[in-house]
Visitor: 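Here you go, one structure.
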Amino acid sequence: MNALSSRKSLLATAIAGLAALLAAGPAAADIKIGFNVPLTGFAAADGQSALNGAKLAVAQANAAGGVAGEKIELVVYDDQGTAKEAVPVATKLIEKDKVVGAVSGSYSGSTRAAAGLFQSAKVPYVVAYAIHPDITRAGNFVFRVSAMGEVQGRGGAKLVSNLGKKKVTVITVKNDFGQALAAGFKEAAPKFGLQITGEYEYAMSDRQFGALVSKVKADNPEVIYASGYFFNAGPLVSQLRAAGITAPIIGQEGYDSDKFIEIAGPASEGTLVTTSLDRDSDVPATKAFLADYRKANNAGADMVAASSFTATAVLIEGLKKTGGKGGEALRAAMAGGTFVTPIGKLTFNSLNEVAKDIQVQVVKDKAFRRHSVISDAVLLAPPTK
C-alpha cells in the first residue's frame with residue numbers, strides 16, 4: 001500500500017468512527033449525588049446496609065431511564081461514623097465532586113457535622129436514619145425521612161403503656177442517639193403514669209455490664225427501656241437475661257439488625273424494637289422493597305437499608321421534578337412533595353421533618369416480626385421550628 005492509499009484508508013476509518021458516534025447520539029452525562037456512610041470502624045455493618053439500600057435506589061432509577069435521560073452516579077465516601085471524618089467528606093462532595101444533592105447514610109454525630117456544610121452550599125441533604133433534633137435545624141436544605149429521636153422516645157413511652165406496665169428502668173447509651181431517645185421518653189412518661197425506677201448510662205465502647213445489670217435487678221422493673229446499637233445492645237440484653245431479669249426489654253432502631261439477634265443469641269427472643277420497617281407489611285412499596293433488596297443482596301433488609309433506600313429515592317424523585325437541577329429548585333421540589341416509600345407515605349413539615357407511625361417489631365424465632373403499630377398524630381408529631 002502506497003502512502004496515498006494509506007492516508008485514504010485512515011481517513012475512511014476516522015469518518016466511519018465519527019459516523020458511528022453521531023448515530024449513537026451524545027454520551028449520557030451523569031448526575032452526581034453524594035453519600036456519606038460509615039464503611040469502616042464501629043458502624044461498618046450498618047454502613048454496608050445503608051450503602052446497599054442507596055445502591056438499590058440508584059439502580060432502580062437508572063433502569064427506569066435515570067433523570068432527564070441522564071444516569072445517576074452515587075459518589076460514596078467513608079465517614080467512619082465520626083464528625084472528624086464527615087467534615088472533609090462533605091467538603092469533597094460539595095467542592096470536588098460538585099454533587100447536586102447528597103444523602104446521609106450515617107449516624108447523628110457525623111450527620112450533624114456535615115449538615116451545616118451542605119446547608120451553606122445550598123446542596124439539598126437528605127438524612128436517612130440519624131435522629132438528633134439539631135440536624136434539620138441546620139437549615140431548610142436539610143431533610144430527614146426517619147422520626148427524630150424525641151418522637152421515637154415518646155412512642156416508646158406509649159408502648160410501655162400499651163403493654164400495661166408502669167415501673168420502668170431507663171438505660172441510655174451516652175451519645176446523640178441515646179440522649180435524644182431518653183429525652184423523648186422522659187417527656188412522655190408522666191402522660192402515661194409511668195414511674196422511672198432507675199436511670200443508667202453506659203459508653204458506646206462498653207460490652208461488659210455487670211455493675212449496671214446488678215442495679216437493674218435491684219430495681220425490679222416491670223419493663224426496661226434501653227437504647228443502644230446491635231454491637232452493644234446485644235451484649236447488654238444477653239447479660240440482663242443471664243442475670244435472671246425477665247422484664248420486657250424495649251429497644252429502638254439501633255437494635256434493628258440481624259447482627260443483634262446473632263450477638264444476643266437466644267436472649268434476643270421477645271425483645272421489642274421501635275423502628276421504621278415492618279417486615280410483615282402488606283403495603284406494596286414495602287413488600288416490593290423487601291423482595292428487591294433480598295434479590296439484590298441475598299439477605300434480608302433492615303431499618304438502615306430501608307431508610308437509606310428511602311432517603312436516596314426521595315432525592316431522586318426531587319431531581320425528576322426539576323429535570324436534574326439542584327439548588328433551590330430541588331429543595332422546593334422535595335419540600336412540596338409527597339413520597340410513597342418502604343417506611344411510609346412521607347411529606348415534610350416546615351422543619352423538613354416527617355410525621356409517621358412507629359412500627360414495633362418483636363424478635364420471634366430468630367427473626368423480626370410485626371408486634372404492633374404506634375399511631376398517634378399528636379404524640380408523634382415532630383416539631384415545626
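Since we're looking at a predicted model, the values are computed, not measured.
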Visitor: Of all heavy-atom pairs between S146 and I131, which one has the smallest distance, and what is that distance?
Guide: OG-CG2, 4.3 Å

Visitor: If the threshold is 4.0 Å, N to carboxylate O, is there a salt bridge linking D256 and R279?
Guide: yes

Visitor: Please check if the side chain of N349 supplies one atom and the backbone of P383 the other of a donor-acceptor pair under 3.5 Å.
Guide: yes

Visitor: Please report the C-alpha distance between T169 and N220 in whole Å, then the side-chain angles of each, then the deciding distance to 0.1 Å, and finally whether the side-chain contact (heavy atoms from CB on, under 4.5 Å) criterion is met.
Guide: CA-CA 9 Å; T169 289; N220 193 28; over 6 Å; no

Visitor: How about D219 and T197: does a side-chain donor come under 3.5 Å of a side-chain acceptor?
Guide: no

Visitor: Assigning hydrophobic clusters by single linkage (Ile, Leu, Val, Met, Phe, Trp, Tyr; side-chain heavy-atom cutoff under 4.5 Å), is V314 placed with V283?
Guide: no

Visitor: Would you tell me whether D357 and S375 have side-chain atoms, one donor and one acceptor, within less than 3.5 Å of each other?
Guide: yes

Visitor: Can you list the steps and then say if L212 with L236 is a side-chain contact (heavy atoms from CB on, under 4.5 Å)?
Guide: CA-CA 9 Å; L212 187 155; L236 174 61; 4.2 Å; yes

Visitor: Thinking salt bridges, do D30 and K71 make one under a 4.0 Å N-O criterion?
Guide: no

Visitor: State the NZ-CD distance between K366 and E269, to the nearest 0.5 angstrom.
Guide: 8.0 Å

Visitor: Under the salt bridge (charged side-chain N to carboxylate O under 4.0 Å, His left out) criterion, do K186 and E199 qualify, and how do the steps go?
Guide: CA-CA 10 Å; K186 289 189 288 185; E199 189 174 353; 2.7 Å; yes

Visitor: F185 vs Y225 aromatic rings, parallel, tilted or perpendicular, using cut-offs 30° and 60°?
Guide: parallel

Visitor: Where do I94 and A121 come nearest, in terms of heavy atoms and distance?
Guide: CG2-CB, 3.6 Å

Visitor: For the OG atom of S227 and the CD atom of Q152, what is their distance to the nearest 0.5 Å?
Guide: 11.0 Å

Visitor: Considering non-hydrogen atoms only, spot the tightest contact between S308 and G105 and give its length.
Guide: OG-CA, 4.2 Å

Visitor: Does NZ in K55 sit with more than 12 non-hydrogen atoms of other residues, nucleotides or ligands closer than 6.0 Å?
Guide: no

Visitor: For L379 and A188, which heavy atoms make the closest approach, and how far apart are they?
Guide: CD1-CB, 4.3 Å

Visitor: May I ask you to check whether Y202 and F209 place their ring centres under 6.0 Å from each other?
Guide: yes

Visitor: Would you say F35 and L51 make side-chain contact, with heavy atoms under 4.5 Å?
Guide: yes

Visitor: What do you reckon, is NZ of K259 surrounded by more than 12 foreign heavy atoms closer than 6.0 Å?
Guide: no

Visitor: Test your reading of the model: is there a side-chain donor-acceptor pair from R207 to the backbone of F231, 3.5 Å cut-off?
Guide: yes

Visitor: Got a sec, which hydrophobics cluster with L351, joining ILVMFWY side chains under 4.5 Å apart, including via others?
Guide: none

Visitor: Donor-acceptor pair, distance only, cut-off 3.5 Å: does the side chain of S281 make one with the backbone of D278?
Guide: no

Visitor: Any side-chain donor-acceptor pair under 3.5 Å between N52 and Q48?
Guide: yes

Visitor: Any chance NZ of K325 has more than 12 other-residue heavy atoms, nucleotides or ligands included, within less than 6.0 Å?
Guide: no

Visitor: So which heavy atom on K320 is nearest to which on V67, and how close?
Guide: CG-CG2, 4.0 Å

Visitor: Just by modelled atom types, is the T384 backbone N or O under 3.5 Å from a matching donor or acceptor in the S350 side chain?
Guide: yes

Visitor: Closer than 3.5 angstrom, by distance alone: can the side chain of E317 be matched with the main-chain N or O of F339 as a donor-acceptor pair?
Guide: no

Visitor: Kindly compute the distance separating CG (L330) from OG1 (T322), expressed to the nearest 0.5 Å.
Guide: 5.5 Å

Visitor: Using every non-hydrogen atom in the two residues, find where G228 and Y255 come nearest and quote the distance to one decimal.
Guide: O-CD1, 3.8 Å

Visitor: Can you measure from CD (Q359) to CG (D280) and round to the nearest 0.5 angstrom?
Guide: 10.0 Å

Visitor: Is the side chain of E201 donor-acceptor paired with the backbone N or O of V173 at a distance under 3.5 Å, no angle test?
Guide: no

Visitor: When V123 is tested against each of V99, V142, L117 for side-chain contact (heavy atoms from CB on, under 4.5 Å), which residue passes?
Guide: V99

Visitor: Stepwise, does the side-chain contact (heavy atoms from CB on, under 4.5 Å) test hold for I33 with V58?
Guide: CA-CA 10 Å; I33 60 176; V58 170; 4.2 Å; yes

Visitor: Do V127 and V145 sit in the same hydrophobic cluster, where Ile, Leu, Val, Met, Phe, Trp and Tyr count as joined when their side-chain heavy atoms come under 4.5 Å apart?
Guide: no

Visitor: Tell me if the aromatic rings of Y229 and F177 count as close, with their centers under 6.0 Å from one another.
Guide: yes

Visitor: Any donor and acceptor pair, going by atom type alone, linking the side chain of S104 with main-chain N or O of S106 inside 3.5 Å?
Guide: yes

Visitor: Evaluate side-chain contact (heavy atoms from CB on, under 4.5 Å) for V223 paired with I250, printing each intermediate quantity in order.
Guide: CA-CA 8 Å; V223 65; I250 298 173; 3.9 Å; yes

Visitor: Is F289 isolated, or which residues cluster with it under the ILVMFWY side-chain rule of less than 4.5 Å, directly or via members?
Guide: L56, L277, L290, Y293, F309

Visitor: Do any N or O atoms from the side chain of D78 and from the backbone of Q80 form a donor-acceptor pair under 3.5 angstrom?
Guide: yes

Visitor: Does K174 reach the side chain of M204, with side-chain heavy atoms less than 4.5 Å apart?
Guide: no

Visitor: Any side-chain heavy atom of Q252 sitting closer than 4.5 Å to one from V273?
Guide: no

Visitor: Which pairs pass side chain to side chain donor-acceptor pair (under 3.5 Å) with one or both residues in residues 120-132, sequence neighbours excluded?
Guide: N36-Y125

Visitor: List the residues meeting side-chain hydrogen bond (donor to acceptor under 3.5 Å, both in side chains) with N62, not counting sequence neighbours, and say none if there are none.
Guide: none

Visitor: With salt bridge (charged side-chain N to carboxylate O under 4.0 Å, His left out) as the test, would you mind laying out the steps for E187 and R154 before giving the verdict?
Guide: CA-CA 7 Å; E187 174 197 341; R154 296 200 297 265; 3.6 Å; yes

Visitor: Can you tell me if Y107 and D46 form a side-chain donor-acceptor pair at under 3.5 Å?
Guide: yes

Visitor: With sequence neighbours left out, which residue pairs that include part of residues 87-96 fulfil the side chain to side chain donor-acceptor pair (under 3.5 Å) condition?
Guide: Y77-K96

Visitor: Is any side-chain heavy atom of V168 closer than 4.5 Å to a side-chain heavy atom of P221?
Guide: no

Visitor: Is there a chain of hydrophobic side chains (I, L, V, M, F, W, Y, each step under 4.5 Å between heavy atoms) that links M334 to F118?
Guide: no

Visitor: Grouping I, L, V, M, F, W and Y whenever their side-chain heavy atoms are under 4.5 Å apart, do L163 and V237 come out in a common cluster?
Guide: yes

Visitor: Measuring only between side-chain heavy atoms, which start at C-beta, is I31 closer than 4.5 Å to E73?
Guide: no

Visitor: Same cluster for L93 and L315 if Ile/Leu/Val/Met/Phe/Trp/Tyr side chains link at under 4.5 Å?
Guide: no

Visitor: Using modelled atom types and a 3.5 Å cut-off, is there a donor and acceptor pairing between side-chain atoms of K217 and backbone atoms of A243?
Guide: yes

Visitor: When rounded to the nearest 0.5 angstrom, what is the spacing between NZ in K364 and OG1 in T271?
Guide: 14.5 Å

Visitor: Just grab all the side chain to side chain donor-acceptor pair (under 3.5 Å) pairs involving residues 135-145, residues at least two apart or on different chains.
Guide: Q119-N140, T136-E353, R144-E353

Visitor: Could you state the interatomic distance from CD1 (I263) to CG (D258), rounded to the nearest 0.5 Å?
Guide: 11.0 Å

Visitor: When you check the side-chain N and O atoms of E253 and S276, is any donor under 3.5 Å from an acceptor?
Guide: yes

